[in-house]
Amino acid sequence: MSTAIHVKVRCFSHLRYAMGTSEFELELTSASTLADVAQQVRKLGGSAVDELPFRLALNQVFASSTTAVADGDEVALIPPVQGG
Amino acid sequence: MVHTKLSDQPLPALMEAAANGDWGSEIIFHGRVRGAEKDEEIVALFYEHYEGMAQSELAALAQETAERFDIPSLSCLHRIGEVPVGESSVRVVMRSPHRAEGLEALAWFIRQLKQRVPIWKWGVRANGERFPSPHCEGCDRHEHDLG
């Protein structure tokens, strides 16, 4: 049986601007992956985030979209970085 | 010896390194804030960062650079928060036996920093408003990872 999990989503730069918030909580099913998180974010953000590219980090480490997420995880949406 | 730090304070004055007969090259790079972001005049850049991951990625990158190019001494200080136009936002000091590996390592380090350390720029207008810095027009050339 699939149970609900909750992850914290962090938004930065253009994504923070587009989403209007720096973080929010997302409810997912227990078998979810980072790809599911990205899909939910794009659905929530609508046209404002359609064209915005981002990588994903899970608990402060870059991770692939097939990585599973667990209850309490922190997922960061990382737009192209601009340090220097 | 690798040292990295993020700081919301102006970069400290450069200190002369202790004498070391193994280092024939010392390369010092400063990145400075220009007065315009994509043709819009600004008074400062605000550097946003992902607390924790920015520090760990920068430290890992510095260590990887030192090992990859056999650099005995690498230091990187990067500012976060608001940096006024004209001031330095980043300093890299690369010390090595010869200049060739130091120059190569510096170019690689800066390129990687702009691809994987989660730091972002916001332009700051004279009225204090911030706007996210447009994506780099040279992304392809700079090999930015677009996700």
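Each chain gets a letter, A, B and so on, in the order the sequences are listed, and its residues count up from 1. Side chains are part of it too, since the values below use all heavy atoms of this structure and drop only hydrogens, waters and symmetry mates.
Using cut-offs of 30° and 60° on the angle between ring planes, the pair B:Tyr50 and A:Phe12 is tilted.
For the pair A:Leu15 and B:Trp120, the minimum side-chain heavy-atom distance is 4.5 Å or more. With a 4.5 Å cut-off on side-chain heavy atoms, B:Glu57 and A:Gln60 do not count as touching. Contact of the B:Met53 side chain with the A:Phe62 side chain is registered, since non-hydrogen atoms from C-beta on lie closer than 4.5 Å.
Hydrophobic clustering keeps B:Leu103 apart from B:Val93 (ILVMFWY residues linked when any side-chain heavy atoms are closer than 4.5 Å, directly or through intermediates). A:Met19 and A:Leu34 fall within a single hydrophobic cluster, where Ile, Leu, Val, Met, Phe, Trp and Tyr side chains are chained together by heavy-atom contacts under 4.5 Å.
Within a 6.0 Å sphere centred on CD of A:Glu23, heavy atoms belonging to other residues, nucleotides or ligands number more than 12. In the displayed structure, A:Glu51 atom CD is contacted under 6.0 Å by at most 12 heavy atoms of other residues, nucleotides or ligands. More than 12 heavy atoms of other residues, nucleotides or ligands sit less than 6.0 Å from atom CG of A:Asp50. No more than 12 heavy-atom neighbours from other residues, nucleotides or ligands sit within 6.0 angstrom of CZ on B:Arg99. Counting heavy atoms of neighbouring residues, nucleotides and ligands inside a 6.0 Å radius, atom CG of B:Asp39 does not exceed 12 of them. Counted within 6.0 Å of OH on A:Tyr17, heavy atoms from surrounding residues, nucleotides or ligands total 12 or fewer; the atom is thus considered open.
The minimum heavy-atom distance linking A:Gly84 with B:Ser89 is given by the pair O-OG, 3.3 Å. The two residues A:Ile78 and B:Pro118 come nearest to each other via the heavy atoms CD1-CB, 4.3 Å.
Heavy atoms of B:Leu113 lying under 4.5 Å from chain A belong to its backbone as well as its side chain. Heavy-atom distances place both the backbone and the side chain of B:Arg116 under 4.5 Å from chain A.
Contact count against chain A (heavy-atom pairs under 4.5 Å) is highest for B:Glu48 among B:Glu48, B:Arg79, B:Lys121.
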B:Trp122 and A:Arg16: CA distance, side-chain angles, deciding distance, side-chain contact (heavy atoms from CB on, under 4.5 Å) verdict: CA-CA 12 Å; B:Trp122 294 68; A:Arg16 177 155 70 90; 3.4 Å; yes
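Distance OG/A:Ser13 to NE2/B:His49: 14.0 Å, rounded to 0.5 Å.
Checking side-chain atoms of B:Lys114 against main-chain N and O of A:Gln82 turns up no donor-acceptor pair under 3.5 Å.
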